[in-house]
Structures are given as C-alpha cells and as structure tokens.
Amino acid sequence: MNQNEYNPQEIEKKWQQYWEENNTYKVENKVEGKENFYALSEFAYPSGNLHVGHWYAFAVPDIYARYKRMSGYNVLYPMGFDSFGLPAENAAIKRGLDPRKWTYENMDYMRNQLRSMGASFDWSRTLATSDPEYYKWTQWMFIKFYKNDLVYKDITKVNWDPVDKTILANEQVINGRSERSGAEVVQKDMAQWMLKITDFADELHDDLENLDWDHSIKAAQREWIGRKEGSLIPFKIQESEVYDVNTGPGDDAFREGEEIVDRDNVVVIIEHPEKDEFLCARWKQVDWQGFVTGGIEDGMSIEETALSEVREETGYQNPEIIKVYDQSSHGLFWHVVKQQNRRANYRIVHVKLKDLEQVARSPEEQAIADFLWIPRLEVNDFLKREDMRYPWRVVSANIQKFDDVKVFTTRADTLFGATYLVLAPEHDMVQNLKSQVNNWDEVETYLKEVEKKSDLDRQQSKEKTGVELKGIEAINPATGKPITVWIADYVLAHFGTGAVMAVPAHDERDAEFAIKYDLPFKFVCLPSAGEPGVSRPLITSGENAFIQSAGVTEKKGSQEEINAEWNAMYDFLAEVHDQGGVLPEGKRFCCTFEGKVINGNEEVNTKNSEEARRIITEMVGGEMAKTYRLRDWGISRQRYWGCPIPIVYDPEGNAHSIPKEHLPWVLPDDVDFTPDGTAPLARSKELKERTEKIFGVGWTPEVDTMDTFVDSSWYFYRYLDNQNDEQFASSESLNSWMPVNMYFGGAEHTTMHLLYSRFWVKALHKLGYVPDNEPYKGRLNRGLILGPDGAKMSKSKGNVIDPDEVVAHVGADTVRMYLAFIGPFNEPGNYPWDPNGVVGVRRFLDRVWRLQEKISDITPEELQSDLHQTIKKVGEDIQRLKLNTAISSMMTFVNKAEKSESISRSDYDLLIQILAPFAPHMCEDLWMQNNKSSIHTESFPIADESKISSNLKALPVQINGKVRAQIVVQEDEDNELLQGRVIALPEIQKWIEGKSIRKFIHVPGKIINLVVG
RNA sequence: GCUGGAGUGGCGGAAUUGGUAGACGCGUGCGACUCAAAAUCGCAUAUCUACGGGUGUGCGGGUUCGAUUCCCGCCUCCAGCACCA
C-alpha cells in the first residue's frame, strides 16, 4: 500500500529529469521491426512566454504521439522555433534590444517551459530558422528555384503595411487590413521577388483529393485557389463607325504653320425608319462620300441645324432627333476650297426618320449628291473607302489595328446577350486605345480616381462607376453587332483577363451597371429553375420589376404566387422573343440561373447552358480555359530580422544568385533596423563591403529579406537530419520519415503556411530534391481555448490563463488532460477554459492514485470486463483523436473501480498504461514503484475480448418504439422463447392487453421492439 | 451571395453503421465528515404531470417497427471566399 499523497510538483520534475538523462525520447531514423510515424505540431514562434494555446498545440498532440509510440511505431515528435520575424524587431525597437539576443534568450526560456509539459520531444533534433546552419538551406532552395524559373523579380502592385512598413503577401491581408498589425493596407508599386506558386495551381487544387485531411480544410484551400472553368472569348475592337476625323495625308491634310480657323458643324447620322441602315451621301461635285453635314449658324441650335440639313439636303421631311452626342468629333485639316486650316468641331447628331416621305429634289440637287442606304455594319467601310474626300473619312495609314480583347467568362452560353464590353481600368488596352478615344480627359480623370481608392474603399462602396470609351466599339463575336466599350472598377485587373463581356440580363453586376448607364438588356437564356418540379421564384412583381437572381428576391409566398410570377415572366419573354430578346424601355430582367438558350442562332437555340457554352465558344473561335484567384507569392520584406535573399547585382543592375560556397549569406550585424520603409540591410557597411570583396567593385547586395513563411515552408525536413552540413536532409532520412503522417496546427494557417509549404514541396519535388509531392498526409486543425468568460484570451480583457500558474497549482498532467478533455480535439471549435473543470480532472487523477489502496490479488469479473471495454474504447478514441471521450471512459471505469472491493495489481497496471499518454509523469511514478524501465516504452494494452462478458445483457423492450421495460437476455437465446418471456413481462402485459402483436423485432445486443395495434 | 461545418440540459459536451437521448465533467440542491470552513465522500439533477403517463435533440414535413442520426423544405450561428466575370 502506498499511503503517499499524489504530489505532481515533486514527481513531474523527477521524471522529466529521468527521461532526459536516459534519452527516453531519442529517435533513430530506423528501428528494426517498427514502422516510422511522423507526428508534427506547427513549431513555435519564440515570443518569450508559453501560453495556454501552446499547451493545446503541443501537449495534447503529445498524447497522440505517445499512444502511437506505445502502439509499436517509431515515432518522431520534434520541436523547434520559427525564430525569424517581425515581433523580435518590434520588441527590439521598443526596448532597445538586439533582436538576435531577444530571440535567442526567449528560445532558451521557452525550451524550459516546453519541458514542463512532459512532452516526448526529441530535443536533439531541434532547429531554429534564424540559425545560419538552417537558413543556409533556405537560401540554397531559393537559388535552386531561381535557376529553374520558379522565382522572378517584378514590379507589381503590392500590399503595403504602413505600420510595420513592409510588403505583405495576399494571404496576410484580411479584409483590407494587415493580418499582423491590423493596419489598413495600401497599394503601392514596388519591385519584389515573386515565387511562382501559380505554376502549381492545378496540382495544389487537385492533389488535395488524396490527402487525408478534414473536408473543410480542403474546401478552404480550393476556395483560396479559386479555380474557375470557363471560356476565353475574343472580342474585336475597332474605332466606332460614326465619328472619325481625317488628319491626312491627302490634299486636305493639315498644313503646318498656317492659320487655323475654328468652325462648328453638325454631322447627321440618319437612320432608316425600319431597317438597321444609315443614309450615306456620295457628293458628285466634290467627289467625296460621307454623312450629311452643315455649319451651325448663329442663333441656330444643334438640333435645328441637323433637322433642317436633313430636310434640305435629302428631301426626307420627317426626321426626329434620337441623340445629340456630348462629345464633338474634331479634326484639323486643310480646307481645299477656302484655302485655310480648319479646326472643325463636329457635333454628331443621330436622327431617325419617322417615315420615308420625301419631297422631290430638283435636278440641281440631284446633280449634287446621291443618297444611299447602307447597313449599319458597312457604314464604316463605306467611310473608309479610298475615294473618300472629307475630314471624317479614315485614311488607311491612320487605321490602328487593335489586338482582340480576350474575355474570360463562365457563361459563354449568354454571349448572344452581351451588350457591352468592360475593361478593368488597369487593362493594357485602355492605354493602347488612347489616341482613338474621344473623351480621354474623362477617362483619365476616372483612372486617377480609381487609383486613389484603396482596396478597402473598393470593397466598401459597391456602387458601380465607369466611363464609356467613346470612339471605340467592340464586336460581339456571336451576333456580329457592335457594342460599346467601358472601363469600370468593378472589373478587376487581376482576375481572368481583366475584361468582361457584360450580359445585363443574366448577370447581376452587369445589370446594376447597365441600369445606371442605360445600356441594353438582351434575354438569351430561359432558366430551367422555373420548370415543373423545380420551383423557385424569380420575379418580384409587376411587369417593370427589376428581377434579380433568386437569392435576392423575396422568397415568401405561396406556390400559386410563385407560379403566377413564372407565368408572367414566360408570357413576357414570348413577347420579347419577337424583338430578338432585346428588352424594351423600362423592362429590366436579370436572371442568373442556367437553362436553355433562346434568341441565339439555330445552332444553339434550345440547347442547355452547358452544351451551349461549348458550341458558342467554338463558334466564335474562343477556347475553354481555367482561371485562378491565386496569385504569385511575393516574398520580399523590407525588414531586418529575416533570411537575407541570396542575390547580388552586377554594376549594370542584373541579378545574380550567390554561389553555394558563399552560403549561408549571413545577416549582417551592423544595422540600424528602425523601419523607415526602406530595407535596413541597405544601411549595412559590412554587407556592402562583403559583396564588393567577393564579387567585385560596383556589385551590390539585395537588401530585402524573406517572408518568414519561406523559412517555415520546409522546416519539417530539417528535423530529419538537422546536423547535416552537405544536404538539407539526407535522402535516407527523407525516405524513412516523409510525408508527415499527422500534422497538428492552427486553422489560421489553412491558406497561408499550409498552402505555401505544399507549394514548396511540389517545387522541390519537381526539381528532384525530395521524393514526395505532398508534405502532410494527415492534418488536423485544432480549436481555440477561450478565456473563462468565453471570450478570446487577451490581456486587455484580463481573462488570460497562465499555464505556469495552473501547473504549479495542479500539475502538468492535469493541465494536459484537462485540455484533452475540454472538447473534441478533432473538431476545431472554441472551448472556454473552466477553472473548475481543471479541478475536476485533478480529482480524477487523485482518485486513480488512491485506487492503489484497493490493489489486492483479484479483480471481480464484472470490473475486469469494464476494464477491457475501457481499454478498447480508449485506444479507438485516441486513434480518432476524440480524447475527451477516451478520458470520460477512463473516468467511468475509475468510478466503478472505486466501488469495487479490489483490483489486481496487473489490472491496475493496465489502467495506468492506458492513462500513461495522458498523464505521463504520474503513470511513470506509479509504474516505477514496481518496474525497472519506463512505462513509456511499454506496449499499449490490447483489450482481451474474452474477458468482456457479453452473454448476459439487459436489453430495452419497446412497444411501438417506446421503451417500456428491460429484460436480461442470454446471448444465444432462442427467439421464440425470448418472445414468450417478453410478452409475459408484467410491464409489457399492460401495454399489449386487448391488442394483437403484429411484429416482434429483436436486434441482438441492441433492442427488442413489439409492434402492436 | 457562394463554399464548408454546426445547432442536444444552467454550461463544456456524449450517443462510432438508424436501436434505452443527455455518458463524462462542471455547476446546482440535499446529505455525511467537521465546533466551523475548505478539501473529500454519498445521493439527486431535461421538462410537464391529475403520478397512469405525456413531451423533448433549431423549425415544418417525410421515410421507418424505431430518427439527434436518412430524405425534402426552411431558420439561426460559426468559418473560408466574395463587385471573382
């Protein structure tokens, strides 16, 4: 009998020392007859103090590692430090310390704290990313990537953190703010080193499939990569047909040095009353072709001038003004008759004839000009003819050929409904078109406005703005019809091709924009969502309603109301159909559902959306394509405490990687690292001298350091072979350990570290340096430990739990176990710390300790059965990381054991063996009272099924699914006999009296149910 | 809006393939020990009840002898993405 009290403060230190002295947790790369198992927890940043989160991150997975070790695996569970990074520098600035000193002192301190967890780390394999022996290999890998075209330097828009004064990766920007400092991120053009993570976008997306990760983590990564499958559609760009001006060459070419006379004119574009045709003139006397024109006389309005010119010159009597364009077209030319330079400002007036009433023209007038109707599409060609002799003709030398604008769309099936084209303000084409845009001032103003907006502004104000590029038009490749071209900042430069085809009738954003700027809607896809059986309301109400996609529409309403709305829409669509789907004034339909194509052409009408996408894409010479949200990884940081980028520049400014013999390219010491937005390394005299000494006069070093996510992208390799000077890890060690079997970490790294390191491994694999294509076979995101008040622990809220204090009070074993008990470790929830709960776990350990008093020769049969059931359950639960239920089943067993007369020594030993992964110190102490070697080198007990008594079992008896009685059933009891016994039960009799038994259901070991009626 | 996940006592949570809903722990109540308190131990603890029983796992339906679990429709919360074409 051991009368000692359980005293964790004493025994924990004792056994921690013992394990260290005996190298209990030292791991070899290979052990005969054992399979390797690599369990990894995301390593720590040396912030200087261990908090509850660290315990949750390291001590709880240690339970799993210990279980695996006891289950016969050769388990590696290493620990190291992610020791480069901003906090060191910020602390250094604040307190006037050297970041190196601060970091390394913190690591020393934290190593001791980590020891207090009683975790089974093999400290001989530790690492720190700020050690030159480590970052030598970070640099080596960077250079390998550089030489293999996976790294490039580029001037791009970067996310600039004005507080930490450095660039941030996209992944480090959350809702427009810095993930670290919380500062609003601004966009800035800067040169930075980029890693081509996008080269691996497909692999990063597809290979998730085979990983044994939680569904939600995979989903989040896929979302982040943002692969979209759709089509690339080419749109031809041309000058608009109605107002081009001539600047020469030719008789009428502008003459330098001559006086310029200004003149205001109208150009009248006369539209046919029924057909899509325009009236062009062939002026016989002066031998030129064009539109009807005329000078604006004093006192005449533009409209009056235009109408009178039409009547006089063409004889058509009933023109009406459709539109007077804001912008005049203007050109400089030599007026051949008047012998002067003219600056003609032409106001373009669009006139439509109400009918074809035409007064007879006199023979004189007939002799001046012929008028002919020309289809809209040919107007421009007509005006371009060589024999044109007037300013607004297009001279061939002056025709600018534009590249097609490629548009990415997932809805190529709606191409027939594309009524305008929108470019991102940053799109290259915008600048290329400059000379052809008539309203460049307006465009430029808009571009400046957009540039001023931060990402946050863009996100906050969703009000759509844009400017038409006047004088430019695109051709819808499906219809062949011209459409207007706009720039708008709702189109993002970095997604797809930075250009969209706008289909207001089938895209909400386009609809919003089209309403604001009065652009046409054309309905080309009948949603199948309205077909019988799939009922979802689409239409709000009323014939002029703007119908948004179903998600936005009020969904309340009876089926009748919904049907009525659908019918209204179909009726309306029939009407619209006659007009080729073009919605009349005031009718605004927008439906984003897929369905069947209408108003297209014979090839695609009635085809479903998916099929139509293929057909239309092919028809217009487009191609099926994928696009991604993921962008390349910018790793340059303008800070001191990081891994130097191993690049030097020759006197011409060309970049060269540093040869291997000069690695590690060490971080200089002589640096004032106060951040001012420029890289601190630029201020190092030593670095400058070193560079010149090695490479020659005029050579300069790269002065940015790397994002710390680079350091952590490969650290799991270094644990395998941390003393190796020749390689980052030997291939023997890589082969024996990789990939990581189970990786424990925080959910916040799902789209950062986890994605970066997957990329890193894929890149190394591609270059042949590692055997694996993926670093982590298993992954578990842990939850969050909240303060006792249910809020996130923070100093300001005063709800921070100091684990050192709790350990001093109840012991490390209790803290480990409490954290495992607090909630299911395999579900990343938020679990509030309950100080009373800790005490409850400590009570359990006290009881296990006191249970020694019951040790004698025998264990009662029933208790032994319970024990083996518990052994089975604990093993199963640890394997699926449901540590909370593993613990609760041990508690249940101990509760029973306490009520029992006795427990045998060997059965008590089984109990402490299954408890050992959870409470390693206490179990070691109890074990070593009777043994010579550590309990942690023992095997995890295997349940003895023969000892689990199951031949007698109380089963619930239900009547019509409701429990009414219990009955003890023999394992092999005959069903007929059993039925007789059940019916005979008095509690059952009263329920079946006067009723007949329709069915007798016996699920062995589970339930008996009588169906009566 | 899209994607993924979750809704169970006063609280954290359990119920592994459809089979006694609420294990285990906390809290609470009562009791034992104590002069007393703490600690410890024991008993009780979903809810209503005319004490027969009824009701209950976000809501409304369905399948089934039987549903927290499966199906349909909805609501709420959490996380990721979001003017992403």
Side-chain angles (χ1 to χ4, degrees), chain A residues 174-175 214-226 228 230 407-411 414 422 424 458-459 461-464 488-492 494-503 507-510 512-513 548-552 555-556 592 627-629 747 750-751 781 790 818 821-824 827-841 843-844 846-847 850 873 876-877 880 882 884-892 894-895 898-899 954-966 990 998-1003 1005-1013:
Chain A
I174 290 156
N175 293 329
D214 190 78
H215 209 66
S216 60
I217 310 175
K218 294 188 190 182
Q221 281 211 357
R222 288 205 183 97
E223 203 69 31
W224 184 264
I225 294 164
K228 290 264 163 60
V407 151
F408 178 79
T409 178
T410 53
R411 291 297 304 275
T414 62
V422 194
R458 271 208 198 186
Q459 274 168 18
S461 134
K462 302 244 161 139
E463 165 85 24
K464 290 190 175 45
D489 70 351
Y490 81 90
V491 175
L492 307 174
H494 51 72
F495 187 81
T497 59
V500 301
M501 61 180 225
V503 187
D507 182 284
E508 266 184 70
R509 298 169 306 246
D510 297 340
E512 229 177 281
F513 192 79
Q548 297 197 315
S549 69
V552 185
K555 272 171 290 208
K556 303 279 182 248
T592 57
T627 185
Y628 306 87
R629 206 193 76 98
T750 301
T751 53
N781 279 1
Y818 173 65
F821 187 59
I822 199 166
E827 285 171 30
N830 297 328
Y831 307 112
W833 177 277
D834 177 2
N836 291 314
V838 180
V839 176
V841 170
R843 268 201 284 266
F844 166 71
D846 284 333
R847 284 148 82 166
R850 277 200 302 272
K873 170 125 177 90
E876 284 168 3
D877 283 354
R880 58 193 180 112
K882 288 221 54 163
N884 54 334
T885 52
I887 292 169
S888 77
S889 65
M890 287 188 282
M891 286 173 166
T892 308
V894 170
N895 289 345
E898 277 182 326
K899 293 194 176 85
L955 282 195
V957 180
Q958 297 183 333
I959 304 290
N960 292 339
K962 291 209 187 295
V963 180
R964 300 298 181 190
Q966 301 273 327
K990 90 179 179 202
R998 298 214 177 128
K999 213 168 172 186
F1000 177 80
I1001 297 156
H1002 176 208
V1003 184
K1006 300 273 190 190
I1007 207 156
I1008 293 164
N1009 191 12
L1010 290 177
V1011 186
V1012 302

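Here is the naming used below: chain letters follow the sequence lines, and residue numbers restart at 1 for every chain. Any value given below was found using the heavy atoms of this structure, including those in side chains, with hydrogens, waters and symmetry copies removed.
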Exercise. Looking at every strand, decide which applies to A/Lys218 at a 4.0 Å heavy-atom threshold: base, sugar-phosphate, or nothing.
Key: nothing
Quiz item: Within this structure, what is the CD-to-P distance between A/Glu508 and B/A85, rounded to whole angstrom?
Solution: 13 Å
Self-check item: Base-pairing mate for B/U69 - Watson-Crick or G-U, with both contacts under 3.5 Å
Solution: none
Quiz item: side-chain contact (heavy atoms from CB on, under 4.5 Å) with A/Lys218: which of A/His215, A/Arg222, A/Gln221?
Solution: A/Arg222
Self-check item: Contact nearer the 5' end of RNA chain B, comparing A/Ser216 with A/Gly496
Solution: A/Ser216
Exercise. Sticking with atom C1', work out how far B/U69 lies from B/U17, rounded to a whole angstrom.
Key: 10 Å
Quiz item: Hey, does A/Thr885 have a side-chain heavy atom less than 4.5 Å from the side chain of A/Lys873?
Solution: yes
Quiz item: Is the count of non-hydrogen atoms from other residues, nucleotides or ligands lying under 6.0 Å from A/Arg880 atom CZ greater than 12?
Solution: yes
Exercise. Would you mind calling B/G27 syn or anti? Take O4'-C1'-N9-C4 for purines or O4'-C1'-N1-C2 for pyrimidines, and syn is within 90° of 0.
Key: anti
Self-check item: Any A/Asp214 side-chain heavy atom under 4.5 Å of A/Asn781 side chain
Solution: no
Quiz item: Once you round to the nearest 0.5 Å, how far does CD of A/Glu898 lie from CZ of A/Arg850?
Solution: 7.0 Å
Quiz item: For atom C1', what is the distance between B/G62 and B/G27, given to the nearest Å?
Solution: 40 Å
Quiz item: Which value, in whole Å, describes the distance between the C1' atoms of nucleotides B/A67 and B/C72?
Solution: 15 Å
Quiz item: What string of B, S and - do you get for nucleotides 16-27 of chain B, 5' to 3', when a contact is any protein heavy atom under 4.0 Å?
Solution: B--BB--BBSSS
Exercise. Tell me what A/Pro824 touches on the nucleic acid: a base, only sugar-phosphate, or nothing, going by heavy atoms under 4.0 Å.
Key: sugar-phosphate
Quiz item: Going by heavy atoms in the side chains, are A/Ile1001 and A/Gln958 under 4.5 Å from each other?
Solution: no
Quiz item: Nearest-Å distance, CG (A/Asn830) to P (B/G12)?
Solution: 12 Å
Self-check item: Spacing between A/Asn781 atom CG and B/C78 atom C1', to the nearest angstrom
Solution: 14 Å
Quiz item: Quick one: A/Lys899 NZ to B/G42 C1', roughly how many Å, whole number?
Solution: 9 Å
Quiz item: For B/G31, what is the paired nucleotide under Watson-Crick or G-U wobble rules, both distances under 3.5 Å?
Solution: B/C41
Self-check item: Between B/U64 (C1') and A/Leu1010 (CG): distance, integer Å
Solution: 17 Å
Practice problem: Return yes if some donor-acceptor pair links the side-chain N/O of A/Tyr818 with the main-chain N/O of A/Gly840 below 3.5 Å, else return no. | Solution: no
Exercise. Calculate the interatomic distance between A/Gln221 atom CD and B/A79 atom C1'; express it in whole Å.
Key: 15 Å
Practice problem: Could you run through nucleotides 49-55 of chain B and give me one letter per nucleotide, 5' to 3': B if any protein heavy atom sits under 4.0 Å from the base, S if only the sugar-phosphate is that close, - if neither? | Solution: ---SSSS
Exercise. Scan A/Ile1007, A/Leu955, A/Asn1009 and name whichever one has a side-chain contact (heavy atoms from CB on, under 4.5 Å) with A/His1002.
Key: A/Leu955
Quiz item: Closer to the 5' end of RNA chain B via nearest nucleotide, is it A/Thr409 or A/Glu827?
Solution: A/Glu827
Quiz item: When only distance counts, do a donor and an acceptor, one from the side chain of A/Lys999 and one from the base of B/C65, lie under 3.5 Å apart?
Solution: no
Exercise. Indicate yes or no: at least one non-hydrogen side-chain atom of A/Leu1010 is less than 4.5 angstrom from one of A/Asn960.
Key: no
Quiz item: Would A/Tyr490 and A/Val422 count as a side chain to side chain contact (heavy atoms under 4.5 Å, CB included) if you check the C-alpha gap in whole Å, the side-chain angles of each, and the deciding distance to 0.1 Å?
Solution: CA-CA 9 Å; A/Tyr490 81 90; A/Val422 194; 3.7 Å; yes
Exercise. Identify whether the glycosidic angle of B/G7 places it syn (within 90° of 0) or anti.
Key: anti
Practice problem: Please determine, for B/G12, whether a Watson-Crick or G-U wobble partner exists with both distances under 3.5 Å, and give it or none. | Solution: B/C24
Self-check item: Any-strand Watson-Crick or G-U partner of B/U47, both distances under 3.5 Å
Solution: B/G54
Quiz item: Is there side-chain contact between A/Ile822 and A/Asn884, with heavy atoms separated by less than 4.5 Å?
Solution: no
Quiz prompt | Atom-pair distance (OH on A/Tyr818; C1' on B/G13), nearest Å | solution = 11 Å
Self-check item: Distance, P atom - from B/G61 to B/U55, rounded to whole angstrom
Solution: 15 Å
Quiz item: In the strands shown, is B/G7 matched to any nucleotide by a Watson-Crick or G-U wobble pair with both distances under 3.5 Å, and which?
Solution: B/C75
Self-check item: Same-atom distance (P) from B/U57 to B/C11, integer angstrom
Solution: 16 Å
Quiz item: Just how far, in rounded Å, is P of B/G5 from NE2 of A/His215?
Solution: 5 Å
Quiz item: On a whole-Å scale, what distance lies between the C1' atoms belonging to B/C70 and B/C83?
Solution: 39 Å
Practice problem: Determine, step by step, whether A/Val963 and A/Val957 satisfy the side chain to side chain contact (heavy atoms under 4.5 Å, CB included) criterion, reporting the C-alpha distance in whole Å, the side-chain angles of both residues, the deciding distance to 0.1 Å, and the verdict. | Solution: CA-CA 6 Å; A/Val963 180; A/Val957 180; over 6 Å; no
Quiz item: Does OP1 or OP2 of B/G80 have a side-chain N or O of A/Arg222 closer than 4.0 Å?
Solution: no
Practice problem: Output the single nucleotide from B/G13, B/G80, B/A82 whose closest atom is nearest the side chain of A/Ala220. | Solution: B/G80
Quiz item: B/C65 and B/G73: how far apart are their P atoms, nearest whole angstrom?
Solution: 24 Å
Quiz item: Who is the Watson-Crick or G-U wobble partner of B/A85, with both distances under 3.5 Å?
Solution: none
Practice problem: With a 3.5 angstrom cut-off on both distances, give the Watson-Crick or G-U wobble partner of B/G80, or none if there isn't one. | Solution: B/C2
Quiz item: When rounded to the nearest Å, what value does the distance between C1' atoms of B/A14 and B/G22 take?
Solution: 8 Å
